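Contents: one structure, followed by commentary.
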Protein chains: 2
Amino acid sequence: MSECQVNNALEAIVGKWKHKLLFPLLNNETMRFNELKREIPGITQKMLTSQLRELEDHDLVTRKVYAQIPPKVEYSLSEHGKSLIPILDMMSEWGAAHAAHLATRNEEQIKNTRKEGKEHA
Amino acid sequence: MSECQVNNALEAIVGKWKHKLLFPLLNNETMRFNELKREIPGITQKMLTSQLRELEDHDLVTRKVYAQIPPKVEYSLSEHGKSLIPILDMMSEWGAAHAAHLATRNEEQIKNTRKEGKEHA
DNA sequence: TGGTATAGTATACAAAAGGAAACTATAGGG
DNA sequence: CCCTATAGTTTCCTTTTGTATACTATACCA
């Protein structure tokens, strides 16, 4: 296992918005710019553009421009992008376990605080 | 697969330095503050402290303080922290594949550029 | 002539992250 | 009395990110 390769992987999917774009694209074969924007509440056009460009640079997302007016651009997950699915799956599973772990830990801390309170009383 | 859980997972290990701390801690049962600092070139004390605190908050790293002077503090991967290993492994593998993918893609682009050059000549 | 729609850019600003360097505590050694 | 060592904290500054808002092009429609 190499820290440098982990870094490569993280760079591809990390960012405030980047991995949030992946999910709508997993569920829809193709998506248009404004469609993505509607799916991701709070994102600005600038952020959506820049994050899509970065995903494109990593060849995770494919951008197809139609020479029309008004413009039409379709985004979709590339074949290479789909190779991320198992990792996202695993992270999702671990994320859930992690959240549960922290929740029980915090409950225990609250119990201990109460005990201490009684001891001091 | 849930975007929110992936987010939980990413939050735990993302940051310019956080995952870089994990590797020395995987290879050594316990490590002291300055030992970690030496292992991670370029990190400042402030960053090392803050990232260690965040890992501790997520219960990925355990901090043991010895009441000595000069101070002695030992950091180690918690049991929960060790549950990250399969994910790091997978990310490392994907990161290598990803780097290779981008490399061949770029080579092809260079070839195509040369072809275009000849065509125009 | 003016409004609509799409997929963006451009500009200005605010907030967050990160870096550099100085400062802290205190036991032991010279 | 000063120096060393460890594990930080504090302050100030710079860089990076992100937000808000306005602006662009152009075919079609009324």
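Letters A, B, ... are given to chains in the order of the sequence lines, protein chains preceding strands, and every chain is numbered from 1. Small disclaimer: the values here were computed from a predicted structure and weren't measured.
Judged by distance alone, the side chain of B/S92 and the main-chain N or O of B/L88 form no donor-acceptor pair under 3.5 Å.
Contact check, A/R53 against C/dA7: no side-chain N or O comes under 4.0 Å of OP1 or OP2. At D/dT6, none of the side-chain N or O atoms of B/Y75 fall inside 4.0 Å of OP1 or OP2 (strictly under the cut-off).
Side-chain contact check for B/N8 and B/Q5: at least one donor-acceptor pair (N or O, by modelled atom type) lies under 3.5 Å.
For DNA chain D, the residues of residues 18-36 of chain B within the heavy-atom distance limit of 4.0 Å (strictly under) are B/R32, B/F33, B/N34, sorted by number.
Applying side-chain contact (heavy atoms from CB on, under 4.5 Å) to B/M31 and the options B/L21, B/L77, B/L25 leaves one that passes, B/L25.
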**Message:** Walk along nucleotides 14-30 of chain C from 5' to 3' and tag each nucleotide B, S or - by protein heavy-atom contact under 4.0 Å, base first, then sugar-phosphate.
**Reply:** ----BBB-B---BS---
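With ring centers used as reference points, A/H80 lies 6.0 Å or more from A/H58.
No salt bridge links A/R105 with A/E108; every basic N to acidic carboxylate O contact stays at or beyond 4.0 Å. Comment: B/E35 does not engage B/R38 in a salt bridge, judged by the lack of any side-chain N to carboxylate O separation of less than 4.0 angstrom.
Going from atom CG of A/L48 over to atom P of C/dA7 covers 10 Å, rounded to whole Å. Separating the CD atom of A/Q68 from the P atom of C/dT4 is a distance of 21 Å, rounded to the nearest angstrom.
For B/E93, the CD atom counts as loosely surrounded, since its 6.0 Å shell holds 12 or fewer non-hydrogen atoms of other residues, nucleotides or ligands.
Aromatic ring pairs are classed by plane angle as parallel below 30°, tilted from 30° to 60° and perpendicular above 60°; the pair A/F23 and A/H19 is perpendicular.
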